[in-house]
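The structure under discussion appears below in the form of structure tokens.
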Amino acid sequence: MRNKKVAIAGIGLTKQSKSLEENNLTICIKAVEQALIDAGMQLEEIDGISGRWPGPGGTKFDPGVVDWTGVFGKSFRWVGDTYPQGVPGILDAAAAVSFGLCNSAIVFGGQAGVLNTSKLADYTQPNNEFIQPWGFFTAAHFAMVAQVYFARFKPSREKLSQIAVDIRNAGSRNPEAVMYGKGPYGVSDIVDSPLICDPFHLLDLCLATEGASAILITSLERALDCPNDPIRILGGASEWHRQQYVDPVRYDEVGSIGKDAFSRAFATAALTPEDIDVYELYDINTWEVVRQFETLGLCAEGDGVDFLFENGISVDGKYPTNTDGGLLSFSHTGWGGPNLKIIEAVRQLRSTSTGDQIKDAETALVTGAGSGAQYFNAAILSKNR
Amino acid sequence: MNQNIDESLTSKYWENIENGRLTRPVCNSCGKNFFSPQVLCPNCFSVDWSYSESIGIGKIYSHTTVYRPMGTGFPTPLILVDIELDEGWRMYSRLINCKPDQVVIGLDVEVIFEKFKERTLPFFQLRNEKI
Ligand SMILES: [Zn+2]
């Protein structure tokens, strides 16, 4: 049997907002419907699904994604439940299509009507007995990793802030970003924003928002008949170091997480990091962007802040990054949030970004998770080849 | 979420804490420390391990001062630390009895037991070098 080439044929993205007057299920279905329309396909043709069952309702059975069959009112040939979102979600779906487990799969997720009831999303503060008593939360775990880097390499706080400035200003210009119209920001806005957990200020940190997104993956052959140009998934890989937010995270263990995933992803794609036209990186905080460029090998460990300051990450920089405004300004929807990097990469490669469009972008790098979460993943997308 | 740590695995740890003793699993087969507690020793997969008393002295591996705590009842600022214990194991804790600008990676610290939200917890404080 010959494995099939696969492509992204459709994407769906609902309104992203600090809180939405819907529920998890209605918002996810909206995104799925948009992805189907975008791909010119009917639900009947979809025989694979990958999306966390978010409730309300449903069961506690595994795989939880099967609870969606009741909502869709149909059966499927393949379900993805391991990590049904973002880079791992599309890589699993691509493997399933490639190997013939299903013909067309949709990866989707999001949340709505949740953040207005509880200020803190539950995934940020697991109730672990060795974490919770101290008051740890997601940004604090990441701060523990960054603090060691800051002590060792003493990066310029002003130059680091330029990363937040560039990403946030891209969001300010993007009518679909949650933070559209806010700003523009300067370096002083970042360093003068309140310290949340040092070394991170408020404007170094990602949003917590609502909205849903969906990505439709099918064979390249089928995608060629769809209305939009197929976006190829050229390569990808993941690293799982430890379960997130349980045991202490250490720079010496996770500071270079992603190195192996990048190396495998680029080898599969037969490309190098220099070949990438646009970088959609998981910006859970500004320093994670630096860490990823260092891990990519585009600059040495400890040199990333100067390197990015000199080369630029905005639309006219050498390494355009997070062109939609990223998790800092576009949106960060918890479950489903990692999909947003893929949505923007696809839009860039189709030249339909509502953010800062990079002219003639042909290859995009998308990443997910980061050092403080103890896992990481990356995929390379391309419009040609 | 990550709620799967079996209580029978850690109840002894918390019981020891209530009695003012910081303990951690030490493998009776290979002699290694590990934390958090696991059913099997992560070094040799032996199930034969026991809680052994720690000297409660170590160094700050990393830290962050939280100025906007999440959750209720936490003081501000809140100094979170990752402690490398001298026996070669690690744990998260909070640093107390000091100011945020005193906290530096590598400083010597010692355990101090205090009540927080009606239970005893193993906090840490900076060690007085004169001792
Ligand atoms: Zn052992």
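Only a predicted model underlies this, so the values are computations on that prediction, with no experimental measurement involved. Just so it is clear: chains get the letters A, B, ... in the order the sequence lines come, proteins before strands, and each one is counted from 1.
For a residue to count as touching a neighbouring chain, one of its non-hydrogen atoms must lie under 4.5 Å from one of that chain's; by this rule Val81(B) touches chain A with the backbone only. Looking at Leu80(B), the atoms closer than 4.5 Å to chain A (heavy atoms on both sides) sit in the backbone and in the side chain alike. For a residue to count as touching a neighbouring chain, one of its non-hydrogen atoms must lie under 4.5 Å from one of that chain's; by this rule Phe123(B) touches chain A with backbone and side chain alike. For Pro75(B), no part lies under 4.5 angstrom from a heavy atom of chain A.
Residues Tyr61(B) and Tyr251(A) place their aromatic rings such that the two centres sit no closer than 6.0 Å. Aromatic pair Phe136(A)/Tyr92(B): centroids less than 6.0 angstrom apart. Aromatic ring centres of Phe116(B) and Trp134(A): separated by at least 6.0 Å.
The backbone N or O of His63(B) lies less than 3.5 Å from a partner atom in the side chain of Gln147(A), making a donor-acceptor pair. Looking at Thr64(B), its side chain never comes within 3.5 Å of a backbone N or O of Ala140(A) through a donor-acceptor pair.
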Report task. Evaluate the criterion side-chain contact (heavy atoms from CB on, under 4.5 Å) for residue pair Glu129(A) and Trp14(B); output intermediate values, then yes/no. Result -> CA-CA 10 Å; Glu129(A) 61 189 311; Trp14(B) 291 112; 2.7 Å; yes
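Around atom NZ of Lys159(A), more than 12 heavy atoms belonging to other residues, nucleotides or ligands sit under 6.0 Å away. Under a cut-off of 6.0 angstrom, the local environment of NZ in Lys60(A) is sparse, with at most 12 non-hydrogen atoms contributed by other residues, nucleotides or ligands.
In this structure, the separation between CG on Asp247(A) and CD on Gln38(B) is 7.0 Å, given to the nearest 0.5 Å.
Listed here is the closest heavy atom pair of Val249(A) and Asp82(B): O-OD2, 3.8 Å. A pairwise comparison of heavy atoms in Ser62(B) and Met144(A) identifies OG-O, 2.5 Å as the closest pair. Shown here for Pro248(A) and Arg90(B), the closest heavy-atom pair between the two residues is O-NH1, 3.6 Å. Summarising the geometry of Gln132(A) relative to Phe74(B), their closest heavy-atom pair is O-CZ, 3.8 Å, with the distance given to 0.1 Å. The minimum heavy-atom distance between Val148(A) and Ile105(B), with the atom names listed, is CA-CD1, 3.8 Å.
With a 4.5 Å cut-off on side-chain heavy atoms, Pro37(B) and Phe130(A) count as touching. Residues Lys117(B) and Pro133(A) are not in side-chain contact: their nearest non-hydrogen atoms beyond the backbone lie 4.5 Å or more apart. Val66(B) has its side chain within reach of Phe137(A): a pair of non-hydrogen atoms, C-beta onward, lies under 4.5 Å apart.
The only member of Ile196(A), Leu202(A), Leu195(A) that meets side chain to side chain contact (heavy atoms under 4.5 Å, CB included) when paired with Tyr67(B) is Leu195(A).
Chain A forms the most heavy-atom pairs under 4.5 Å with one residue out of Gly73(B), Pro69(B), Pro77(B), Ser93(B), and that residue is Ser93(B).
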